[in-house]
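Predicted model, so just to flag it, every value in this text is computed and none were measured. Quick note on labels: first sequence line is chain A, next is B, and so on, each numbered from 1.
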Amino acid sequence: MFNEIEKKWQDNWKSNNTYKVSNTSDKPKFYVLDMFPYPSGAGLHVGHPLGYIASDIYSRYKRLKGFNVLHPMGFDSFGLPAEQYAIETGQHPAETTKKNIATFKSQLDKIGFCYDWDREVRTSDASYYKWTQWIFLQLFNSFYDRKENKAKPIAGLIKRFETEGNTANGQPTTTNFTAEEWKDYDEATQQNILMNCRLAYCGYGEVNWCEALGTVLANDEVVNGVSERGGHPVVKKKLRQWYLRITEYADRLLEGLTKIEFSDAMKDMQTNWIGKSSGAEITFKIQQSTSKLTVYTTRPDTIFGVDFMVVAPELELINEIRSPAQATAVEEYIAYVKSRSDVERMAEKKITGCFTGAYAINPFDGREIPIWISEYVLAGYGTGAIMAVPCGDERDFKFAQHFNIPITNIIGAHFNGEEANPTKEAVLENSGFLNGLVMKDAMEVAINKLTELHIGIKKVNYRMRDAAFSRQRYWGEPFPITWKDNVAKEWKGDLPLELPHVETYSPGPDAQGPLANIPEWVAQELETNTMPGYAGSSWYFLRYMDPNNNETFCDRKASDYWNQVDLYIGGTEHAVGHLLYSRMWTKALYDLGFIGFDEPFKKLVNQGMIQGSSRFVYRIVGTNQFVSHGSKDNYNVHPLHVDVSLVDGVELDMDAFVRWKPEYSDVEFICEDSQLYRPGTKKDGEWKLEKYICGVETEKMSKSKYNTVNPDELCKKYGADTFRMYEMFLGPVEQSKPWDDKGIEGVHRFLRKLWRLFFIPAEASAKAGDEGKKVWNEDKPNDAELKVLHKTIRKIEEDTERFSFNTAVSTFMICVNDLADLKCHKKEILEKVLILLTPYAPHIAEELWSKLDNSGTILDAAYPKYESKYTVESSKEYPISINGKVRANINMDLGLEQGDVEKLVLQNETVQKWLEGKAPKKIIYVKNKMVNVVI
RNA sequence: GCCCAGGUGGCGAAAUUGGUAGACGCACCACCUUGAGGUGGUGGCGCUGGAAACGGCGUGCUGGUUCGAAUCCAGUCUUGGGCACCA
C-alpha cells in the first residue's frame, strides 16, 4: 500500500513542479545544501542518504515555516575512479558517469527528496566546467596583495612593477627589483616573476607522486604514505605542477572560523592543518665561511641552550659549508636519504644524521655550534634548518644522545638528564642576558635583542602548503592555458575548453597525462594536465543559485539573494580538503568582487558514517572446509567476507552460500557443534540442527566487503517514509554507527498505527491493502487531546531545530500512542499532526491530508503553533526528597511561593518522621519539579 | 607522541540549565484476539535480596565538589576520529 501511495505522490510532485524554487520571493530565504555525491558505479547504499534525509527534513520544515528554501542536488562527476574503471573496462568515463548518475537519481527519487532537479549541476558537464575554467583564470590572473590583505587583478601588479618596481611595495613571493630593471627584463623573466605572484601558479616542486595511479596527489589525498584511493605507494618527486596559493589565505581561513558555526572538532582539524606557529628566524654566522645559516624556532628564549644545528639534507647550503674531511660522509648520507621512501621513513623512525664539519657561531656567547644534517628536519618547513636545544626538545635530545653531543642545561632542576623538558615556566640559567627570566617572558626579550642586532626577526610559520592543483589524468577539467617557450599564457579561445574524446587512458610521455597523447592538443600547445577532483566542488554551491546562466558563473543578483549556505550537511572526511578549498575560493571571488560574502557556509553539521556490519566465514587453509566461529581457533584459517544477505543475524544460510559463487559449490562446513555438514545432503523441510556461526566486524560500508545494504530494497519492503524515519531513529545524525535494520519494524508499525487513527482496515480485507473504513471525524477536541497535540508541536519544533531527529521520531510515536489511547480520531488534531510529520514522512502525510478532504498540498500548509496553556502541567504530585533522596510525594499547585511550599512540606508525615522535631537546614524548591529538604 | 569526541540495560538509544536514570523502539516473557499463523491489543522487562510489601546497588574505573552528579572538577582505563618528525 505504501509503495503505491509513494509512487502516486512522487509523480504528482514531479508533474506539478512542486519543488521548483524561484530566485524571487517575498519570503525570507534559506539555503540547505548537501555535499554532492561522487556517482560511483556501486550505486547508493544506506549510508549515503543519512545526511540527505536530515537535510530534506530540515528543508521541508523550513518551507512549512514560511521560507523560500533552496535545496539542490548535483554530482561531483569528475575524478579518478571513473577513469580507473575506464582503464579496466575500456568504457569511456563520460558513458559510465552518465549511467551512474541516472542510477543515483532514480535511487534518490525513491526516497522522496524535495530537490529542484532543474538546478542539478554536474561538474563534468562542459556548461559547468566552463565556469570552473573561468574561475581558474581569475585566480591565474590575480595576485595576493599582502598590504591590503586581499586578492587583486594581476594587471595592477604589472602596472606597479612598471612604475615602482618591487622594492617598497614588497610582494615577498618574489624578488626585489626597480622599475628600470623590470623594463629591462625579457618577457620570460617578467612572466616568471609574475608567476611567482599568481594565486594559481605553476612551479616545480616536490609532489606526492603515485606511480600506480599515474598522477600526483594533494597532501590530504595521501594517508600514511599511501594513496587515499587504492592504497598505492606514494613517493616524492620533483615535477612541474599547478598550485593554488592557499597559504596566502592562511590567516583569513583561521580568522573566518570564528564567524561560522562549525563543530569544535572541525575547527580544530582545520586549525591544526593550517598549523600556525610564531617564533623567530635567526641568522648565524658560520666559522671560516661567508655563508650564513638561518633557522626558524618557536623558542628563541632557548638560544643559549643550542648545542648543535640540523639542516635538511635537501638544502644547497650543505655543499657550501661542509668541510673537505666530511665531504664523502655527507654525500653518502644524502644518497642514503634519497633512497628512502616516505613509507620507510615513517615506519622506521630511526635516528640518522651526519656531521658537516662546519660550525655556526652563537651570536651572544661566541660558542662554536656543530652543524649536522638529518632527515628529521624537513626542507619544506620554516627555513629547512633548526637550532637544536636538547634539554628542551625531545627529538633534539634523542639526537644528541645518539651522537654523543654534550648537552647544555639552561633550565636547572627542570632538566633531569634523562629526558628533555619542553616547559616554558622554568627560570633560565647559563643564558647570558636572559639569566633569571622565566622562559615565556624571555621570548620577547630575545626577539627584541635579535632584531636590534639585525640577526633575527619575529616570524610566523604555517604548516599548510600551497595546494597542488594539477593531475596527470584525463577525466578532469582541462586547463585553459597554453605553453610557449616555457611561458604559460591564458588560452585565447572561447570557454569552455572542451575535454577531447580519447580512446586510451594511458599516461603521456614524461609523466604527462593522457592529453599529451593527442596530437591536436599538443599542436595547440595546450596544457596537458587536468584539474583535480576538488576544482569543481570548490564552487558548486554558487552554481545552484543560477545553474543555467551561460553569461556568468552566477549572476550577482542571485548570489546576493541566496547568499551563504545556511545549513551545510556532510561528512567529516572533507575537513581539510573540500571545506578548506571552497572557503579559499569564496574568499578569492569575494576579494575580486564577484560575490558579496567571504565564507561559503554559515553552519555545518557533520553527519556520522553508517558503517557496514561485515560477516566472515573461516576457510581452513588449503582445503574447501569452512569452520564455524566458535572452533576457528583450533585450525589454521583464513577469514573471508561473506555477503550479509546470506546471513541471518550471525547464522549462515549454508545452502545459499554454496549457490553464491561457483567456487563454493562443493564446500563442507564444520558447524558450531563440530558436526560436519555438506549442503544438499538434507532435504528441504528436514530439520537442520547444524549451525554455522559467522564472525562479525564493523567496517566501512563497501561493495568489496559484501556488507552494503541497498536502500531500494528497504524502500520497496517498508516504504520510503519508514526508511526515512528509521534512518533518523537510528541515533543522532552526527554519530557514526553500524547499520542494523532489526528495529525498522518498529517504525513501520508506528506508521500503520498512525493510519489506523484515520481508517480501520475491514476484518476480511486486512491483507488486501485497501485503506479501510473511515474513522476520522470532525468533532471538537477536548483538553486532554489538545494537550497531546500541543506538547507534540512544541517537542517536534525543538527537536527539529536542534537536529535531534531521532528524538523527534520518538515524539511522534508517543503522540500516536497517546491519541490511540484517547481514541482520538478528530480531524482538527490529526491534520496538525500530519503537518508536523510532513518533513519526516512526506508521502503518507500528503496522502492522509488529501483524504481528510483538504485541498492543495500539505507542503505549503501553515505550520501549527503551540499554545503554552496546553503544554504545562496544571497540578501534579510532586516528589519530596530528603538530602537528595526521594522519600514521599506531595500534592500541590504549580507556582506556589517558597513559603507556602515550606509549610506544605513540613506538614508531610514522612518529612516529620525524618526531622524528629528539628528544623530543616534548607528547603529547596527546584524548577517546579521537586522539593528537596536538607537536614 | 599531540589534539578532539565518545563509554548509560540483552541491543539502538533518551535524559535541552546539576534535580525521581533508562523516555521511545527492538528483542524477550505472559495473557487476550485467531481454527492456526500473521496482524492487532494488554501487561512485564537494569542488577540483586525477597512469596510479597519493601530494601540494597547501579551511567567505564578511582577520588573530589554539592542537600543532590550520567551531567561539574582531578586522575585513570578504553573505543573511535584527526595530525604525526612542522622545530
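Using cut-offs of 30° and 60° for the angle between ring planes, the A:His574 and A:His578 rings count as perpendicular. Between A:Phe399 and A:Phe308, the two ring planes are parallel [angle under 30°; tilted spans 30° to 60°]. Taking the six-membered ring for Trp and thresholds of 30 and 60 degrees, A:Tyr61 and A:Tyr58 have ring planes inclined between 30 and 60 degrees apart.
Rounded to an integer number of Å, the gap from NE2 of A:His748 to P of B:U39 is 12 Å. In this structure, A:Glu745 places its CD atom 14 Å from C1' of B:G40, rounding to the nearest Å. A:Asp818 places its CG atom 15 Å from the P atom of B:A23, with the value rounded to the nearest Å. Distance, A:Leu819 CG to B:C24 P: 15 Å, rounded to whole Å. Between the C1' atom of B:G40 and the CZ atom of A:Arg756 lies a distance of 6 Å, rounded to the nearest Å. Between the CZ atom of A:Arg749 and the P atom of B:U39 there is a distance of 7 Å, given to the nearest Å. Distance CG (A:Asn817) to C1' (B:A23): 12 Å, rounded to an integer number of Å. Atom CE of A:Met464 and atom P of B:C83 are 15 Å apart (whole Å).
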Kindly give the atom pairs (protein nitrogen or oxygen, nucleotide nitrogen or oxygen) under 3.5 Å for nucleotides 13-17 of chain B.
from, atom 1, to, atom 2, distance (Å)
B:A13, OP1, A:Gln735, NE2, 2.6
B:A14, OP1, A:Asn806, ND2, 2.9
B:A15, OP1, A:Arg802, NH2, 3.4
B:U16, N3, A:Glu798, OE1, 3.1
B:U16, O4, A:Glu798, OE1, 3.4
B:U17, O2', A:Lys927, NZ, 3.4

Please produce a list of atom pairs where a protein N or O lies less than 3.5 Å from an N or O of nucleotides 68-70 of chain B.
none

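Checking B:C3, B:C24, B:A87 against every side-chain atom of A:Tyr296, the shortest atom distance belongs to B:A87. Between B:U20, B:C83, B:C85, one nucleotide has an atom nearer to the side chain of A:Trp273 than all others, and that is B:C83. Side-chain atoms of A:Met930 lie closest to B:U20 of the nucleotides B:C11, B:G40, B:U20. Checking B:A87, B:G82, B:G41 against every side-chain atom of A:Val377, the shortest atom distance belongs to B:A87.
If you look at A:Trp739 and A:Tyr726, their ring centroids are closer than 6.0 Å. Ring-centre distance between A:Tyr718 and A:His748: below the 6.0 Å cut-off.
Across B:A52 and B:G44, the matching P atoms stand 16 Å from one another, rounded to whole Å. A distance of about 15 Å separates the C1' atoms of B:C28 and B:G46, rounded to the whole Å. Taking the P atom of each, B:G64 and B:A69 are spaced 12 Å apart, rounded to whole Å. Spacing of P atoms, B:G40 relative to B:C57, comes out at 42 Å, to the nearest Å. A distance of about 13 Å separates the P atoms of B:G9 and B:A23, rounded to the whole Å. Remark: the separation of the P atoms in B:G80 and B:C73 is 25 Å, to the nearest Å. Taking atom P in both B:U17 and B:C72, one finds a spacing of 11 Å when rounded to whole Å. Nucleotides B:C61 and B:C77, compared at atom P, are 15 Å apart to the nearest Å.
Judged purely by distance below 3.5 Å, without hydrogens or angles, the side chains of A:Ser277 and A:Tyr296 pair a donor atom with an acceptor atom. Using a 3.5 Å distance cut-off with no hydrogens or angles, the side chains of A:Arg615 and A:Ser613 do pair a donor with an acceptor. Checking A:Asp307 against A:Thr408 by side-chain atom types alone, a donor-acceptor pair falls below 3.5 Å. Inspection of the A:Thr807 and A:Ser810 side chains reveals no N or O donor paired with an N or O acceptor under 3.5 Å.
The ring-ring contact (aromatic ring centres under 6.0 Å, His included) test applied to A:Phe723 returns no partner, not counting sequence neighbours. In this structure, A:Pro422 has no side chain to side chain contact (heavy atoms under 4.5 Å, CB included) partners at least two apart in sequence or on a different chain. Residues satisfying the side chain to side chain contact (heavy atoms under 4.5 Å, CB included) criterion with A:Glu314, sequence neighbours excluded, are A:Ala312, A:Ala379.
As judged by a 4.0 angstrom heavy-atom cut-off over every strand, A:Asp264 is placed among residues making no nucleic acid contact. Counting non-hydrogen atoms under 4.0 angstrom, A:Asp268 reaches the backbone sugars and phosphates but no base. Among the atoms of the strands shown, only primed sugar atoms or phosphate atoms (P, OP1, OP2) are found under 4.0 Å from some heavy atom of A:Lys753. Residue contacts shown for A:Leu378 include a base, since a base heavy atom lies under 4.0 Å away. Residue contacts for A:Val295: at a heavy-atom cut-off of 4.0 Å it reaches no nucleic acid atom on any strand shown.
For the pair A:Arg794 and A:Ile796, the minimum side-chain heavy-atom distance is 4.5 Å or more.
Using a cutoff of 4.0 Å between basic side-chain nitrogens and carboxylate oxygens, A:Lys276 and A:Asp251 are scored as salt-bridged.
B:G9: glycosidic angle within 90° of 0, hence syn.
Stems are defined here as 3 or more consecutive Watson-Crick or G-U wobble pairs with pairing distances under 3.5 Å; those involving RNA chain B are B:1-7 with B:77-83, B:10-12 with B:24-26, B:28-32 with B:40-44, B:46-49 with B:54-57, B:60-64 with B:72-76.
Sequence order on RNA chain B of the closest nucleotides to A:Ser810 and A:Ile924 puts A:Ser810 first from the 5' end. Position along RNA chain B of the nearest nucleotide to A:Ala265 versus A:Thr297 favours A:Ala265 as the more 5'-ward residue.
Contact between the side-chain N/O atoms of A:Tyr381 and the OP1/OP2 oxygens of B:A87 is found at a separation under 4.0 Å. Distances shorter than 4.0 Å separate some side-chain N or O of A:Arg752 from OP1 or OP2 on B:G40.
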